[in-house]
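For reference, the structure is listed below as structure tokens.
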Amino acid sequence: MQAWQVHELGEPGEVMRLTEVARPVPADGQVLLKVRAANINFPDALMCRGQYQVRPPLPFTPGVEICGETEDGRRVIANPALPYGGFAEYAVADAAALLPAPEALDDAAAAALHIGYQTGWFGLHRRAGLEAGETLLVHAAAGGVGSAAVQLGKAAGATVIGVVGGAAKASVARELGCDVVIDRREQDVVAAVKEATGGRGADVIYDPVGGQAYAQSAKAVAFEGRIVVVGFASGSIPSPALNHALVKNYAILGLHWGLYNTRNPKLVQHCHERLSELAARGAIKPLVSERVPLAGAADAVQRVADGVTTGRVAVLPSPENGAPA
């Protein structure tokens with residue numbers, strides 16, 4: 001089979017190599033899956049660089065999120081068991097963690113429903129307790145993680161403010177349903193949030209960026225607001241001033257979604273059921289901006305790493321599987 005492999009650490013576009021390898025052999029408790037679509041996540045790029053908390057042995061195949069097909073023909077969503085990741089024709093995954101792919105979504109969209117939407121659901125509902133009528137601020141609202149949070153916020157009845165970088169991404173954020181869109185390149189984010197909320201600030205802030213975005217969040221959060229920290233796409237990990245959190249009376253909440261897979265997997269299943277219900281009635285639908293063939297995976301991962309994509313980019317080892325429904 002064909003698979004992308006990383007033999008040395010570095011930038012994805014430089015270290016990913018498409019090679020012919022043997023199909024992976026499932027270990028006990030694992031299953032072999034034909035990859036129908038693999039979704040690109042920022043951690044794929046971090047893994048290539050050796051900067052992710054999970055460091056599979058070299059050589060490894062990146063790709064942490066797929067829609068696959070079991071040997072008996074079932075469409076499933078899975079996180080491949082590294083080092084046999086999803087940017088390949090076949091991958092392996094833990095049998096107990098397979099989730100049914102929603103019938104309402106094609107393969108590319110189904111592959112994108114998992115990590116970003118699970119992270120958004122746990123962050124907004126489990127951690128922050130977002131309520132209808134509250135104001136949600138989403139950083140990087142046109143990206144893969146941010147776009148999921150925008151849709152989930154709207155589905156929950158929140159007023160959503162999206163922060164983006166550039167006019168093209170602002171247009172995407174509006175199409176996603178943001179009530180207010182702030183272009184951080186052209187506007188003062190904090191002032192714009194205060195203006196949009198009548199000086200009150202945002203009740204919940206969803207931050208996959210870190211760095212300057214977190215500093216803006218601390219200034220733009222409302223009384224009894226909650227800042228949900230889900231990642232550091234900017235490459236800068238902030239050091240929160242806890243005295244500021246005390247004086248302004250807001251909460252800083254960390255979210256490591258992957259822990260739920262081992263600490264409370266039933267919650268992951270429950271979340272998937274809720275997400276499938278939302279997808280079935282059209283309340284959420286992953287924004288798949290590009291569908292690329294397997295040969296284009298390395299370039300696509302690099303573009304995701306460089307922050308020039310919107311929504312999700314899906315890799316299709318068998319292109320006929322990824323056509324929009």
Side-chain angles (χ1 to χ4, degrees), residues 42 116-117 119-120 123-124 127-128 130-238 240-241 244-245 248 250-253 255 284 286-287 289 304 306-312:
F42 193 67
Y117 281 85
T119 299
L124 298 181
R127 301 293 283 136
L130 179 68
E131 296 181 1
E134 289 192 311
T135 298
L136 167 65
L137 170 65
V138 180
H139 288 286
V145 173
S147 62
V150 169
Q151 292 184 354
L152 288 168
K154 291 299 295 181
T159 297
V160 180
I161 301 173
V163 178
V164 299
K169 292 188 176 183
S171 178
V172 171
R174 292 188 188 95
E175 292 175 7
L176 285 166
C178 287
D179 299 284
V180 178
V181 177
I182 300 170
D183 186 344
R184 58 179 171 78
R185 296 179 183 174
E186 303 292 337
Q187 299 170 266
D188 181 315
V189 172
V190 177
V193 173
K194 293 294 182 67
E195 180 180 356
T197 60
R200 186 173 179 277
D203 299 294
V204 175
I205 300 180
Y206 192 79
D207 182 12
V209 179
Q212 184 182 13
Y214 178 83
Q216 294 165 343
S217 298
K219 294 178 180 178
V221 66
F223 172 77
E224 290 195 329
R226 294 84 79 196
I227 300 174
V228 185
V229 178
V230 298
F232 312 104
S234 67
S236 176
I237 299 176
H244 190 259
K248 283 194 68 176
Y250 63 87
I252 304 166
L253 305 168
L255 174 63
I284 61 173
L287 171 62
S289 59
V304 170
D306 294 340
V308 297
T309 60
T310 57
R312 290 298 192 186

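The structure presented is a predicted model; accordingly, all values stated were derived computationally and were not measured.
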Sequence neighbours left out, cut at 3.5 Å: what donor-acceptor pairs do the side chains of residues 207-214 make with other protein atoms?
residue	atom	partner	partner atom	Å
D207	OD1	V209	N	2.8
D207	OD1	G210	N	3.0
D207	OD2	G210	N	3.4

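Rounded to the nearest 0.5 Å, atoms CG (L137) and OG1 (T159) are 12.0 Å apart. Atoms CG and CD1, on L253 and I205 in that order, are 11.5 Å from each other to the nearest 0.5 Å. Interatomic distance, I227 CD1 to H139 NE2, rounded to the nearest 0.5 Å: 8.0 Å. Atom-to-atom distance recorded for I161:CD1 and T197:OG1 is 6.0 Å, nearest 0.5 angstrom.
Side-chain atoms of V164 and V172, non-hydrogen and from C-beta on, never get closer than 4.5 Å to each other. Two residues are said to be in side-chain contact when any heavy atoms from C-beta on lie closer than 4.5 Å; V145 and R312 meet this criterion.
Nearest approach of L176 to A141, heavy atoms of both residues: CD1-O, 3.4 Å. Counting all heavy atoms, side chain and backbone alike, A222 lies closest to Y250 at O-CB, 4.2 Å. In terms of heavy atoms, F42 sits closest to V304 at CD1-O, 4.1 Å. Looking at every heavy atom in both residues, V138 comes nearest to G146 through CG1-O, 3.6 Å. Here the closest heavy-atom approach between residue A156 and residue L130 is recorded as CB-CD2, 4.2 Å. Residues I252 and A245 come closest through the heavy atom pair CD1-CB, 4.3 Å.
Remark: the backbone N or O of L136 is not paired with any side-chain donor or acceptor of Y206 at under 3.5 angstrom. When atom types are taken as modelled, the side chain of S289 and the backbone of T310 share a donor-acceptor pair closer than 3.5 angstrom.
Screening residues 218-238 for salt bridge (charged side-chain N to carboxylate O under 4.0 Å, His left out) gives E134-R226 as the qualifying pairs, with residues at least two apart or on separate chains. Residue pairs meeting the salt bridge (charged side-chain N to carboxylate O under 4.0 Å, His left out) criterion with at least one member in residues 166-190, sequence neighbours excluded: K154-D179.
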